[in-house]
Amino acid sequence: MKRKLICLLLAVTLLLSGCSAGAAQSAASEVEAASASASLAAESEASGSAEPAPEESAPAPEESADPDGSESASAVLPEQTEAASSDLAPEEAADSSDLTPEEEAEPLVFTEVSETVWATANVNIRTGPSTETDIVAVLSAGNSVTRTGYQESWSQVDYEGTVCYISTAYLTTEEPVQPTETTATGHIVAIDPGHQAKGNSDLEPIGPGATEQKAKASTGTSGVSTGVAESTLTLTVSLQLRDALEAEGYQVVMTRESQDVNISNAERAQIATDAGAEIFIRIHANGSEKSSANGIVTLSPSSANPYVSSLYEDSYRLSKLLVNELCAATGAKNLGVQTSDTMSGINWSTMPVSIVELGFMTNPTEDELLNSADYQAKLVEGMVNAVNAYFGA
């Protein structure tokens with residue numbers, strides 16, 4: 001009995017020392033065999049038999065469920081599992097540690113001020129101190145705003161009760177000299193800066209009583225070189241044109257003075273009608289699949305227009321003056337006047353109307369020109385000359 005206990009302890013020791021399941025089983029079997037032999041021998045001695053007991057062969061160890069022993073070899077204790085897992089962690093972190101984190105830009109520090117500043121040119125009012133932020137509106141040259149914070153690159157301003165930002169380079173604390181007061185001409189001009197920041201795909205009739213419908217508004221094209229949206233360009237030029245015409249003594253009504261609007265083409269024509277405008281100038285920019293396309297063109301209704309044929313002659317005269325004076329002021333290629341009867345903004349008009357395509361934003365050279373201050377000034381000069389000529393001023 002003592003020998004049997006010793007053998008059993010030996011088997012347990014082997015098992016705890018990390019031997020395989022098969023080896024432990026084999027040891028246990030050998031122990032059982034040895035114990036059996038010892039018992040037989042003892043019985044034989046006790047019975048007085050002279051013949052030794054036949055030796056029994058030890059039973060074959062049980063085969064592992066995994067023939068090549070990999071299952072047994074891969075078995076590890078819980079603490080070994082934790083160690084293996086921790087060994088993998090540094091390798092996973094190595095991928096991210098190799099990446100250099102992008103340095104965060106330090107926040108701009110503004111000096112608190114409270115002063116009136118004026119725009120030295122048409123400048124964007126933005127939601128944040130970066131050209132990557134949204135444009136809220138355009139502050140026209142000569143117009144003022146209250147500055148609440150100063151920094152070398154950006155100024156914090158109060159725009160309609162909201163904290164906004166304007167490039168400091170385009171602001172001055174010196175009030176501009178007001179132009180000499182001019183005698184009002186008594187004429188009313190409506191200006192429509194084409195498109196808007198977000199389009200409106202809802203449909204409306206292309207003219208009074210029409211069954212054909214078109215989207216209420218679209219975003220237009222954009223500069224192939226500058227990336228400037230057509231709606232931004234047209235608003236910038238239109239605001240300059242407004243100021244220039246007002247300086248000439250005209251009363252001007254704008255269909256929009258911000259990007260954040262939702263006004264359909266028919267509604268824009270209605271704004272001009274409600275204001276009693278005598279002419280309606282719609283400012284746009286062109287686009288083409290051919291990057292070489294360039295020049296200025298104007299559009300007016302044809303004599304066969306089913307909605308505004310009565311406006312044909314005056315609209316054509318206005319369009320002809322506009323394209324000629326624009327090209328004379330800028331040196332751009334003169335593409336003449338084209339007639340169109342599919343434009344909702346034309347078909348809903350109740351006064352002489354012209355669409356001015358200032359140039360091709362799909363042409364890299366012309367796109368750069370259209371977005372330069374000097375060229376914009378020439379465009380405005382040409383249109384003012386055309387309006388003066390139209391009214392015989």
Side-chain angles (χ1 to χ4, degrees), residues 99-181 191 193 195-198 219 222-223 225-247 252 254-262 283 367-380:
L99 300 174
T100 303
E102 186 176 332
E103 294 185 2
E104 295 184 4
E106 294 184 4
L108 298 179
V109 177
F110 291 88
T111 301
E112 186 175 342
V113 295
S114 180
E115 58 190 3
T116 301
V117 290
W118 286 265
T120 58
N122 294 324
V123 60
N124 292 322
I125 301 174
R126 296 184 177 273
T127 57
S130 167
T131 55
E132 299 299 320
T133 58
D134 293 335
I135 297 173
V136 176
V138 174
L139 184 65
S140 299
N143 286 0
S144 64
V145 69
T146 299
R147 177 158 59 190
T148 58
Y150 174 82
Q151 198 270 341
E152 184 177 3
S153 300
W154 291 92
S155 287
Q156 191 178 73
V157 301
D158 180 358
Y159 179 73
E160 297 182 351
T162 303
V163 176
C164 295
Y165 298 84
I166 298 177
S167 173
T168 299
Y170 294 95
L171 296 176
T172 179
T173 55
E174 297 182 7
E175 183 175 359
V177 177
Q178 297 298 324
T180 305
E181 186 175 340
I191 301 175
H195 305 289
Q196 56 197 30
K198 294 182 180 179
T219 56
S222 61
S225 178
T226 65
V228 174
E230 181 183 353
S231 59
T232 299
L233 171 66
T234 60
L235 180 59
T236 300
V237 174
S238 294
L239 290 172
Q240 294 181 58
L241 177 59
R242 175 200 63 186
D243 295 344
L245 287 174
E246 288 180 343
V252 179
M254 301 287 291
T255 61
R256 71 179 180 99
E257 293 184 324
S258 169
Q259 283 281 70
D260 188 21
V261 298
N262 185 14
I283 309 298
D367 175 37
E368 294 285 350
L369 283 173
L370 289 169
N371 286 283
S372 68
D374 289 344
Y375 195 78
Q376 289 176 1
K378 293 177 181 179
L379 290 170
V380 170

Within a 6.0 Å radius of atom CG on D260, are there more than 12 heavy atoms belonging to other residues, nucleotides or ligands?
no

For G227 and S222, work out which heavy atoms get closest and say how close.
O-CB, 4.4 Å

Please name the pair of heavy atoms, one in P176 and one in G142, separated by the smallest distance, quoted to 0.1 Å.
CG-O, 4.0 Å

Donor-acceptor pair, R126 side chain versus G128 backbone, under 3.5 Å?
no

Please check if the side chain of T168 supplies one atom and the backbone of S155 the other of a donor-acceptor pair under 3.5 Å.
yes

Below 4.5 Å, heavy atoms only, C-beta onward: do T162 and V136 meet side chain to side chain?
no

Applying side-chain contact (heavy atoms from CB on, under 4.5 Å), run through R256 and T234 and close with a yes or a no.
CA-CA 11 Å; R256 71 179 180 99; T234 60; 3.4 Å; yes

side-chain contact (heavy atoms from CB on, under 4.5 Å), that's the test. Do L245 and I191 meet it? Break it down for me.
CA-CA 10 Å; L245 287 174; I191 301 175; 4.0 Å; yes

Rounded to the nearest 0.5 Å, the CG atom of L171 sits from the OG1 atom of T120 at a distance of 7.0 Å

Option passing side chain to side chain donor-acceptor pair (under 3.5 Å) with S231 (candidates Q259, K198, Q196, H195)
Q259

Using modelled atom types and a 3.5 Å cut-off, is there a donor and acceptor pairing between side-chain atoms of S238 and backbone atoms of L235?
no

To the nearest 0.5 Å, how far apart are OG1 in T236 and CG in N371?
8.0 Å

For D367 and S225, which heavy atoms make the closest approach, and how far apart are they?
OD2-N, 2.8 Å

With distance as the sole test, does T148 use its side chain to make a donor-acceptor pair with the main-chain N or O of Q156 at under 3.5 Å?
yes

For L379 and L370, run side-chain contact (heavy atoms from CB on, under 4.5 Å): C-alpha distance rounded to whole Å, both residues' side-chain angles, the deciding distance at 0.1 Å, then the answer.
CA-CA 9 Å; L379 290 170; L370 289 169; 4.0 Å; yes

Do R147 and T173 have side-chain heavy atoms sitting under 4.5 Å apart?
yes

Please report the interatomic distance CG(L139) to OG(S167), rounded to the nearest 0.5 Å.
12.0 Å

Heavy-atom pair with the smallest gap, counting every atom of V380 and V237:
CG2-O, 4.1 Å

Contact summary for L239 and S140, nearest pair of heavy atoms
CB-OG, 3.7 Å

Ignoring hydrogens, what is the shortest heavy-atom contact between P129 and L108? Give both atom names and the distance.
CB-CD1, 3.7 Å

What distance do N143 atom CG and N122 atom CG have between them, rounded to the nearest 0.5 Å?
8.5 Å

Between T226 and E368, does a side-chain contact (heavy atoms from CB on, under 4.5 Å) hold up when you go through it step by step?
CA-CA 6 Å; T226 65; E368 294 285 350; 3.9 Å; yes

Do D158 side-chain atoms and T146 backbone N/O form a donor-acceptor pair below 3.5 Å?
no

To the nearest 0.5 Å, tell me how far I283 CD1 sits from L241 CG.
6.0 Å

Going by the ring-ring contact (aromatic ring centres under 6.0 Å, His included) test, name the single residue among F110, W154, Y159 that passes it with Y165.
F110

